[in-house]
Amino acid sequence: FDTGAALANLGNDFSDNNNDWTVGAGFSITLGANYDWMTDTPSNNHATLNPLSGETTLSNANLTSLGLTSAYTSRVATQSIPHKAYFEAQSNGAGATNHTIYSGVRPAAGPQLPPPANFPGQDALSYGVMMAYNNAILTPYHNNIASGQTVSQNYAATVVQVAVDYIDGKIWFGNGTDWCGGGDPATGTLPTYTFTPGTKMIPHLGHYHVSTGHINFGQRPFAHIPPSGFMPICAENFPADAVTLSGSFTGNANANGPLV
């Protein structure tokens with residue numbers, strides 16, 4: 001089928017079989033949270049928000065999350081972070097006083113259903129960044145303490161960048177122009193936070209009030225160019241694990257084969 005370059009051609013069969021599909025009304029290839037031509041296949045499955053992991057309302061292929069009234073709510077993703085990973089989060093472009101979106105990570109090991117923290121950065125294990133409707137500052141959080149390494153943000157327009165290197169234990173948050181702390185993920189310098197190297201992390205999206213957040217793990221085009229070496233969160237970017245052998249065994253001479 002077509003690669004998504006032109007809306008009029010979406011659903012066209014490239015083979016000689018002419019098994020064309022008709023694209024329904026409302027289908028969009030405009031870049032952003034409503035982009036519908038996603039590169040997500042059974043052989044290369046991308047992460048989404050986990051429908052079993054929290055209390056928010058999910059929609060839009062489990063990439064849009066709606067918080068609850070006057071409460072903190074959150075969800076984690078369906079896949080953990082490969083060696084160096086990049087993802088983005090944003091609001092739905094509208095909001096009201098107290099509407100807040102948190103994006104970040106927490107350890108992939110341990111209970112996740114629901115996440116122990118109400119938002120990424122609330123506890124000593126998670127790291128997050130806060131984007132609030134009534135605040136022009138993008139503020140990192142860890143252990144429920146705000147960091148002074150802030151950058152500017154516009155709740156209606158900013159697409160938050162999250163870059164994680166779990167092997168070296170580093171995380172950066174950015175606004176598309178600057179990284180909190182002034183570092184550079186591509187060179188590994190001045191991370192917003194550090195954590196114990198080798199700790200596998202899982203993406204974590206949080207809300208305060210009925211805020212709506214969108215997350216993109218790479219199945220849609222990113223709004224910003226990922227730092228060099230940082231990859232989308234999908235199956236093909238996970239390192240191949242070594243095959244673990246069970247050892248040798250002796251058969252029982254049965255005609256149907258050995259009994260293990």
Side-chain angles (χ1 to χ4, degrees), residues 28 30-36 47-78 86-106 112-123 126-147 149-162 164 171 173-176 180 192 201-217 219-220 222-224 233:
S28 172
T30 300
L31 295 183
N34 294 318
Y35 186 90
D36 292 316
T48 66
L49 294 173
N50 190 338
L52 302 177
S53 72
E55 300 173 332
T56 69
T57 300
L58 296 180
S59 61
N60 209 14
N62 290 346
L63 296 174
T64 297
S65 178
L66 172 65
L68 303 178
T69 303
S70 303
Y72 287 102
T73 50
S74 68
R75 285 190 185 272
V76 295
T78 55
Y86 174 85
F87 63 97
E88 296 178 343
Q90 65 187 106
S91 77
N92 68 338
T97 301
N98 293 324
H99 284 198
T100 307
I101 301 292
Y102 299 85
S103 48
V105 297
R106 65 172 303 100
Q112 304 291 350
L113 310 173
N118 287 323
F119 62 86
Q122 185 192 36
D123 63 359
S126 64
Y127 303 84
V129 66
M130 180 187 76
M131 182 171 63
Y133 174 79
N134 54 346
N135 191 329
I137 299 297
L138 195 66
T139 306
Y141 267 82
H142 171 59
N143 203 19
N144 208 22
I145 298 173
S147 167
Q149 301 182 107
T150 60
V151 295
S152 63
Q153 69 94 8
N154 180 329
Y155 188 84
T158 296
V159 177
V160 176
Q161 300 172 281
V162 184
V164 185
I171 182 168
F173 298 110
N175 63 1
C180 297
T192 310
M201 293 289 186
I202 193 167
H204 188 187
L205 184 71
H207 304 263
Y208 184 59
H209 274 250
V210 288
S211 57
T212 298
H214 304 291
I215 199 159
N216 180 12
F217 297 110
Q219 55 268 82
R220 295 186 174 110
F222 286 124
H224 309 296
I233 303 177

Exercise. What is the ring orientation for Phe87 with Phe217, classed by angle as parallel under 30°, tilted 30 to 60°, or perpendicular over 60°?
Worked result: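 If you compare the ring of Phe87 with that of Phe217, the planes turn out tilted.
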Do [X] and [Y] have side-chain heavy atoms sitting under 4.5 Å apart?
X	Y	value
Thr150	Pro140	yes
Asn175	Ser152	yes
Thr158	Gln90	no
Val129	Ser103	yes
Gln122	Asn144	yes
Val210	His99	yes
Gln161	Tyr86	yes

For [X] and [Y], work out which heavy atoms get closest and say how close.
X	Y	result
Ser126	Arg106	CB-NH1, 3.5 Å
Met131	Leu138	CB-CD1, 3.8 Å
Asn50	Thr78	CA-CG2, 3.7 Å
Val151	Cys180	CG2-SG, 3.8 Å
Ser65	Leu58	CB-CD2, 3.9 Å
Thr139	Ser147	CG2-O, 3.8 Å

Side chain [X], main chain [Y], donor-acceptor under 3.5 Å:
X	Y	result
Ser53	Val76	yes
Ser211	Gly67	no
Gln153	Tyr133	no
Glu88	His224	yes

[X] side, atom [atom1]; [Y] side, atom [atom2] - distance, nearest 0.5 Å:
X	Y	atom1	atom2	result
Met130	Tyr102	CE	OH	5.5 Å
Ile171	Met201	CD1	CE	7.0 Å
Arg75	Leu52	CZ	CG	8.0 Å
Ile233	Ile215	CD1	CD1	7.5 Å
Tyr155	Ile101	OH	CD1	4.5 Å
Asn143	Asp123	CG	CG	7.5 Å

Problem set entry | Test applied, ring pair (Phe, Tyr, Trp, His ring centres under 6.0 Å); reference residue, Tyr208; option that passes from Phe119, Tyr141, Tyr72 |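 Per the ring pair (Phe, Tyr, Trp, His ring centres under 6.0 Å) rule, the option paired with Tyr208 is Tyr72, out of Phe119, Tyr141, Tyr72.
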For this session: Dump the intermediate steps for side-chain contact (heavy atoms from CB on, under 4.5 Å) on Thr212 and Thr64, then the final yes or no.
Result: CA-CA 7 Å; Thr212 298; Thr64 297; 3.7 Å; yes
Exercise. Who passes side chain to side chain donor-acceptor pair (under 3.5 Å) against Thr192, sequence neighbours left out?
Worked result: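 Counting only residues at least two positions away or on another chain, Thr192 forms no side chain to side chain donor-acceptor pair (under 3.5 Å).
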